[in-house]
Amino acid sequence: MTKQHPAWSPYDNNGGTCVAIAGADYCVIAADTRMSTGYSILTRDYSKICKLADKCVMASSGFQADVKALQKLLAARHLIYQHQHNKQMSCPGMAQLLSNTLYYKRFFPYYSFNVLGGLDNEGKGCVYTYDAVGSYERVGYSSQGSGFTLIMPFLDNQLKSPSPLLLPAQDAVTPLSEAEAVDLVKTCFASATERDIYTANKLEIVVLNKGGIHREYMELRKD
């Protein structure tokens, strides 16, 4: 009888959860800092949030090796754009670039699930949510990662984004103030960390507004 070997996979899922909320003049992006594989914790202090431009930030969960490769490629493409146009890419432009980059690799995808947040050309908050092969949508709020199924119903209940099928098209930004949005994100993660073993340790919150980018942290469960 031949010995059976487990099938090798080029992918892993390192867990973690990301959330983004867009407001009238701000955007809040948050993610936990635990990175796991199976039932092992690789590190308790890994940032899943990457600044792509002055008004654009990406949070990613999934396979963190693919996420790193994706971040490096986006940084290189953005640098080329800056040399050619003598300005930084806008958040909607970066959203399209991310979609094109993911779709280009659709036959051997980056195993990363991304939310992109920032301010658009009018200074309004914007959030873009993606699948692994580049399909994306501009929304008022979104979540990705291992805690997605716990957090998204709660956000739907609290924020109730208008249907994209409504005509005329409704504004997707949420009615909350910046402080209320930050508090809502903290509540989401405090709840998700009780039920999801891959979401824990520390919450990193990035807030973008006309004053720039600032970060804050909140302790989560450590077990």
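Numbers here simply count residues along the sequence, with the first being 1. Keep in mind that the numbers below use all heavy atoms, side chains included, and drop hydrogens, waters and symmetry copies.
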- Side-chain contact test, heavy atoms from C-beta onward, threshold under 4.5 Å: evaluate it for L220 versus K202 and give yes or no. no

- Does any non-hydrogen side-chain atom of L98 lie less than 4.5 Å from one of Y130? yes

- Flag side-chain contact, heavy atom, 4.5 Å: Y104 against N100: no

- Task: Please lay out, stage by stage, how M58 and Q71 fare under the test side-chain contact (heavy atoms from CB on, under 4.5 Å).
- Result: CA-CA 9 Å; M58 178 175 75; Q71 289 171 355; 3.8 Å; yes

- Message: I want to check something: taking the side chain as every heavy atom from C-beta on, are L203 and Y217 in contact at a cut-off of under 4.5 Å?
- Response: no

- Query: Taking the side chain from R34 and the backbone from K222, do they hold a donor-acceptor pair closer than 3.5 Å?
  - Reply: yes

- Please step through ring pair (Phe, Tyr, Trp, His ring centres under 6.0 Å) for the pair F113 and Y111, ending with a clear verdict. CA-CA 7 Å; F113 301 94; Y111 192 56; 5.3 Å; yes

- Query: Any idea which heavy atoms bring T17 and I151 closest together, and the distance?
  - Reply: CG2-CD1, 3.6 Å

- Message: Which residues pass the salt bridge (Lys or Arg N to Asp or Glu O under 4.0 Å) test with E180, not counting sequence neighbours?
- Response: none

- Message: To the nearest 0.5 Å, what is the distance between OH on Y136 and CG on N114?
- Response: 13.5 Å

- Task: Take K48 and S60 through the test side-chain contact (heavy atoms from CB on, under 4.5 Å) and record every step on the way to the result.
- Result: CA-CA 6 Å; K48 298 180 179 72; S60 309; 5.8 Å; no

- Query: Of the options M94, M89, H78, which is the one that meets L52 in a side-chain contact (heavy atoms from CB on, under 4.5 Å)?
  - Reply: M94

- Message: Please check this pair: side chain of E178 against backbone of N209, looking for a donor-acceptor N/O pair closer than 3.5 Å.
- Response: no

- Item | Least distance between heavy atoms, S142 atom then V115 atom | OG-CG1, 3.7 Å

- Are the aromatic rings of Y141 and F154 close, with centres under 6.0 Å apart? no

- Query: When rounded to the nearest 0.5 angstrom, what distance separates OH in Y81 from CG in L97?
  - Reply: 10.0 Å

- Message: For V67 versus S112, what's the shortest heavy-atom pair and its separation?
- Response: CG2-CB, 3.5 Å

- Note on the structure: Value for CG (N201) from CG (D32), rounded to nearest 0.5 Å, stands at 7.5 Å

- For N157, does the CG atom sit with more than 12 other heavy atoms under 6.0 Å from it, leaving out its own atoms? yes

- Query: Can you tell me how far the CZ atom of F148 sits from the OG1 atom of T199, to the nearest 0.5 Å?
  - Reply: 13.0 Å

- So, the side chain of S36 versus the backbone of G38: is there a donor-acceptor pair under 3.5 Å, distance only? no

- Item | Euclidean distance, D120 CG relative to S90 OG, rounded to 0.5 Å | 8.5 Å

- Message: As a test of understanding, state which of T149, V19, T129 forms a side-chain contact (heavy atoms from CB on, under 4.5 Å) with S143.
- Response: V19

- So how far is it from S61 OG to N14 CG, rounded to the nearest 0.5 Å? 9.5 Å

- Any residue meeting side chain to side chain contact (heavy atoms under 4.5 Å, CB included) with Y103, in chain and number order, not counting sequence neighbours: R106

- Going through the checks in order, is the salt bridge (charged side-chain N to carboxylate O under 4.0 Å, His left out) test met by K210 and D25? CA-CA 7 Å; K210 61 184 178 184; D25 58 353; 5.6 Å; no

- Query: So, S99 side chain and G134 main chain: donor-acceptor pair closer than 3.5 Å or not?
  - Reply: yes

- Message: Could you go through C188 and L155, starting from their C-alpha distance and side-chain angles, then the distance that decides it, and tell me whether this counts as side-chain contact (heavy atoms from CB on, under 4.5 Å)?
- Response: CA-CA 8 Å; C188 286; L155 289 176; 3.7 Å; yes

- 4.5 Å side-chain heavy-atom contact, V127 and L116: no

- Message: So does P109 get a backbone contact from the side chain of Y11, meaning a donor-acceptor N/O pair under 3.5 Å?
- Response: yes

- Query: So do the side chains of I21 and I29 get within less than 4.5 Å of each other, counting heavy atoms only?
  - Reply: no

- Do the side chains of I205 and V28 get nearer than 4.5 Å, heavy atoms only? yes

- Item | Listed partners of D223 passing side chain to side chain donor-acceptor pair (under 3.5 Å), at least two apart | R221

- Taking C-beta and beyond as the side chain, do C126 and K124 meet within less than 4.5 Å on heavy atoms? no

- Message: The test is side-chain hydrogen bond (donor to acceptor under 3.5 Å, both in side chains); show your working for D45 and T33 and say whether it passes.
- Response: CA-CA 5 Å; D45 193 21; T33 62; 4.6 Å; no

